[in-house]
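Here's the structure, in structure tokens; my notes come after.
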Protein chains: 2
Amino acid sequence: MELDERKQKILYAIIQNYQETGEPVGSRTISKMDALNFSPATIRNEMADLEELGYIVQPHTSAGRVPTDKGYRFYVDRMLAERAESDPRKDLQLPAAPMQELLTKRIDRVEELLLKMAQILAANTNYTTMVTGPHSRRNKLKFLQLSAMEDRKILAVVVLGGNIVKNNILEIDEELSQETLLNLNFMLNNRLNGLSLEEINLGLISQLKEEAGGHIGVIEKVLDAVADTFAKEDSYPIYTSGATNIFRYPELTGGDKASELISTLEEKKELGSAIGEISNDSESHQDIRVYIGDEVPVDSMKDCSVVTATYELGDGVQGKIGIIGPKRMNYQKVVDTLKGTMHQLDGIFKKSEE
Amino acid sequence: MELDERKQKILYAIIQNYQETGEPVGSRTISKMDALNFSPATIRNEMADLEELGYIVQPHTSAGRVPTDKGYRFYVDRMLAERAESDPRKDLQLPAAPMQELLTKRIDRVEELLLKMAQILAANTNYTTMVTGPHSRRNKLKFLQLSAMEDRKILAVVVLGGNIVKNNILEIDEELSQETLLNLNFMLNNRLNGLSLEEINLGLISQLKEEAGGHIGVIEKVLDAVADTFAKEDSYPIYTSGATNIFRYPELTGGDKASELISTLEEKKELGSAIGEISNDSESHQDIRVYIGDEVPVDSMKDCSVVTATYELGDGVQGKIGIIGPKRMNYQKVVDTLKGTMHQLDGIFKKSEE
DNA sequence: GTTAGCACTCAAACGGTTAGAGTGCTAACA
DNA sequence: TGTTAGCACTCTAACCGTTTGAGTGCTAAC
């Protein structure tokens, strides 16, 4: 073990104190704590060791100590381990009242639910929150609906599991009679409903074209629209809320940092990678991940930490929630809040599937 | 006339210089200009007068002068008047290349077009841009489409003029057969297509209910959804872009100003009022309006100016564009850019209606 | 292994001085 | 009478030396 018991305690104390105050913490402060009743000099010796090991640094010679990324990593790992050992129910923080209300009141429009969720989490934690819309690659087609709009234009509404609805306006090469359209509608739904993207393969596609008679162009456009709905970036949009919370933390607003961060959030580029793409199945969807400082794969967030969770809306429809805050964020509270929210969410969707 | 020719020139010069530098401008600076070849002392006398009249102020005793809201108002009015007099084509700034490309390439999804427009305008002007989605109260119903989703749930897709599409998932009290649904579909479209919100009145509604036989509950829900599409806030969403441009202007970022401004933009509250609700018909849709400082009806924008324009996508579908910048923004460029964009937009939609 | 004591370092706050930009006023000028 | 040169005055921002206080590292004693 690299760190003996006392060093660990001191490191823990330093980090907690720094999280509360945001100021470098000195040896006197630590020595005053009940659990660590040593003289400042002793603490200083230990701190010097901790610094040598890379867990803390001094901003300048005569200042107190501040945790490094490695320090935070130690702290977070230990906290997560403790949480995992203890009774999972004990510190499962119940979502705050507005969240309770949101989650029990059933909302059909997924987008609205996700946006509200982001807003409430941001307001609750005082950190910035982002939620990716459900990632639907493994999702299934519920049904589709073609309607005539005007000459050579049809509206294709594609509905996936989890009630993800997307509209596509298609320009086609021929004019279709109401009847033809009805037939196509029937045929396509008959063939495609309940299938996932993978299941709509080349064989099936050529079969469809055959059945469609002359309207191959239309079929192609419709299939494109379906593929789009499954895959296209804006079929899983990203909702953010509480961007201005970063102004609460001076370490995030110096220089151009604030501007860059907010730009990233506004343009919603790179956010997907920040939050971690949906990963392999081995990961439980209750898994909570913490990325600290340089571990975050987005440049403008190198001074932040990001805590992510995966939510599931039944049917294998998954998305991610990310909470972005300063490295000295209250990891404990954030992790518990996310766990609580996920837990509740699961309950709801389990129930509604019965 | 309150201001003689020379005072006007000096005021103009002060404002232009201040716009360029952002620093208070002194008498020496002005006296060096070719058009105003007087000694600093003379200029000083005039400046003292202008200050007494409320057009300019000194931040402190020994500083140069800075325009007041009244000063800007004078400047803008005069500029707009000049623009109106001269050949409108002369200074019609053609939209920058990316905008040209965007506008000639036809985009069917209105939302996408508007968002892109906001982005390009923001990038072009270096100011924050917001675009309200088309305001559709006077719009007409193109068609609607009911589809069965699962027991007791139907999807109602409502399409308005300008191809504004909105999905509504309705929970209904009874189970409907495919056939009934088809009939309702047919009946509703038959009755409602082409009507505006006002034309769907109580008489028509009770008639519909009669025709629908037992399915009054369904009809009510569908009509609610239609009304929603016409009226509900998110049927004319607000797109913003370039929020971080405000960091270019120190006068907007002091204290909590930046945070408040970005909050306003993020939450998209109050933005509607900032941009000015769609007003009476008397206003030409080519009309450009400038709100300076306190004239902006949003608290967090009291240090900004907002320039708005109304766009039209044919069919009387209108929306607004607003450019938000510091009071010392380049009004001329902004006004010309907006005019150019509106002009081009009109061309496109006129053409596509033929 | 722990602690008291002490010299040392450094950032931040304080205060006085200076430099410079710009003003208002007055008196002379055209 | 309008314009200008000259001058004293004001105020901010920058500069600089000093002080203060928090915190350290080291050493020697317990």
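Keep in mind that this is a model prediction, so the values were computed, not measured. Chain letters run A, B, ... following the sequence lines, proteins first and then strands; every chain starts at 1.
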*Give none if dC7(D) has no partner; otherwise give the nucleotide forming a Watson-Crick or G-U wobble pair with it, both distances under 3.5 Å.*
dG24(C)

*Please indicate whether Lys70(A) has more than 12 foreign heavy atoms, meaning atoms of other residues, nucleotides or ligands, lying under 6.0 Å from its NZ.*
yes

*asked:* Measure CD1/Ile43(A) against P/dG1(C) and give the value in whole Å, please.
replied: 16 Å

_Does dA21(C) have OP1 or OP2 under 4.0 Å away from a side-chain N or O of Arg65(B)?_
no

_Between dT1(D) (C1') and Asp4(B) (CG): distance, integer Å_ = 15 Å

*Anything under 30° is parallel, anything over 60° is perpendicular, the rest tilted; go ahead and classify Tyr55(A) against Phe74(A).*
perpendicular

*Distance, rounded to the nearest Å, where Glu52(A) contributes CD and dG25(D) contributes P*: 11 Å

*Base paired to dT1(D) (Watson-Crick or G-U; both N/O distances under 3.5 angstrom)*: dA30(C)

_Distance check needed: dG22(C) C1' versus Ile30(B) CD1, whole Å only._
13 Å

*asked:* Do Met342(B) and Ile321(B) have side chains that approach each other closer than 4.5 Å (heavy atoms only, starting at C-beta)?
replied: yes

*asked:* Tell me which nucleotide, if any, is Watson-Crick or G-U wobble paired with dC30(D) when both distances must be under 3.5 Å.
replied: dG1(C)

*Any sub-3.5 Å donor-acceptor pair from Thr129(B)'s side-chain atoms to Ser241(B)'s backbone N or O?*
no

*d(CE, Met47(B); P, dC25(C)) in whole Å*: 15 Å

*Reference residue Ser305(A); test side chain to side chain donor-acceptor pair (under 3.5 Å); the match among Tyr72(A), Tyr127(A), Tyr331(A)*: Tyr331(A)

*Annotated protein contacts, base or backbone, on nucleotides 2-20 of chain D with a non-hydrogen cut-off under 4.0 Å, one of B, S, - each*: -SBBB---BBS--------

_With salt bridge (charged side-chain N to carboxylate O under 4.0 Å, His left out) as the criterion, how do Arg73(B) and Asp69(B) come out once you've worked through the C-alpha distance, each side chain's angles and the decisive distance to 0.1 Å?_
CA-CA 6 Å; Arg73(B) 173 51 57 204; Asp69(B) 285 10; over 6 Å; no

